[in-house]
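What follows is a single structure, written as structure tokens, with notes after it.
Below, each value reflects all heavy atoms present in this structure, side chains not excepted, and no hydrogens, waters or symmetry copies. This chain uses plain numbering: 1 for the first residue, then up along the sequence.
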Amino acid sequence: MIEVKLLELQEMEDNKFLCAVIAARYKDKWIFVRGKGKETWELPGGTHETSEAISETASRELFEETGAIKFTIVPVCISFAKVGQRQSYAKLFYAEVHELSTLPNLEIEEVKLFNSLPENLTYPEIHSVVFERAVEFSQKMRDI
């Protein structure tokens with residue numbers, strides 16, 4: 001069983017984060033990616049390198065996994081996931097992508113735009129929770 005909790009943004013050392021996850025919109029649609037050899041969708045994101053700030057991880061992963069070259073990105077919250085005895089923290093970011101370029105030939109096979117959360121997800125228990133929070137956040141951003 002997977003336990004998922006969302007925590008408000010707070011001071012947390014960057015080295016505590018396993019990864020950054022980015023809920024990104026482009027032309028009023030949500031960006032999801034499918035890794036090479038996979039059949040499931042996920043939000044862009046990836047492992048936090050020890051040599052970078054978690055915000056740098058988010059920007060780097062957004063480019064590497066979507067080809068986004070012009071975007072605004074802001075932190076939303078912290079997610080906590082526990083799978084069995086393994087637990088980790090991720091920082092969730094929201095991005096408005098203004099321009100996509102060629103997808104780097106790394107680990108992503110396909111980038112697709114969706115109106116809502118797709119059904120075939122890699123981590124459905126986690127993605128459903130963080131995506132709902134990202135949708136709420138994006139609506140608040142539009143209301144400002």
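With a 4.5 Å cut-off on side-chain heavy atoms, I69 and L100 do not count as touching. Residues F32 and L117 meet the side-chain proximity criterion, which asks for heavy atoms closer than 4.5 Å. For the pair Y89 and K91, the minimum side-chain heavy-atom distance is 4.5 Å or more. Between L18 and R86, the closest side-chain pair of non-hydrogen atoms falls below 4.5 Å. Side-chain atoms of E42 and H127, non-hydrogen and from C-beta on, do get closer than 4.5 Å to each other. V97 is not listed as a side-chain neighbour of R25, based on a closest heavy-atom distance of 4.5 Å or more. The shortest distance between side-chain heavy atoms of E109 and L103 does not fall below 4.5 Å. Considering only heavy atoms from C-beta on, Y26 stays 4.5 Å or farther from T66 through its side chain.
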- Task: Could you please spell out the steps behind the salt bridge (Lys or Arg N to Asp or Glu O under 4.0 Å) verdict for R60 and E64?
- Result: CA-CA 6 Å; R60 175 181 54 77; E64 288 179 359; 3.3 Å; yes
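Partners of K36 under the side chain to side chain donor-acceptor pair (under 3.5 Å) rule, at least two apart in sequence or in another chain, are N105. In this structure, E125 has no side chain to side chain donor-acceptor pair (under 3.5 Å) partners at least two apart in sequence or on a different chain. N15 pairs by the side chain to side chain donor-acceptor pair (under 3.5 Å) definition with nothing, not counting sequence neighbours.
When hydrophobic clusters are built by joining Ile, Leu, Val, Met, Phe, Trp and Tyr residues whose side-chain heavy atoms come closer than 4.5 Å, directly or via intermediates, F17 is not grouped with L6. L92 and M141 end up in the same hydrophobic cluster when Ile, Leu, Val, Met, Phe, Trp and Tyr side chains are linked at under 4.5 Å.
Counting only distance, with no hydrogens or angles, the side chain of H48 and the backbone of D14 share a donor-acceptor pair below 3.5 Å. Between the side chain of S59 and the backbone N or O of E56 there is no donor-acceptor pair closer than 3.5 Å.
Looking at every heavy atom in both residues, A68 comes nearest to F63 through O-CD1, 3.3 Å. For the residue pair G45 and I22, the shortest heavy atom distance occurs at CA-CD1, 3.8 Å. Closest non-hydrogen pair, N115 versus W30, comes out as O-CD1, 3.7 Å. Between A23 and A134 the shortest heavy-atom distance is CB-CB, 3.3 Å. Contact record, T47 with E52: O-OE2, 4.3 Å, taken as the closest heavy-atom pair. Smallest separation of non-hydrogen atoms from P118 and F114: CB-CE2, 3.5 Å.
Side-chain atoms of E96 and Y94 form a donor-acceptor pair, as typed in the model, at a separation below 3.5 Å.
Going from atom OG of S88 over to atom NZ of K16 covers 13.5 Å, rounded to the nearest 0.5 Å.
In this structure, Q10 places its CD atom where more than 12 heavy-atom neighbours from other residues, nucleotides or ligands lie under 6.0 Å away. Counting non-hydrogen atoms of other residues, nucleotides and ligands closer than 6.0 Å to CD of E107 gives a total above 12. More than 12 heavy atoms of other residues, nucleotides or ligands lie within 6.0 Å of CZ in F137, so this atom counts as buried by the packing criterion.
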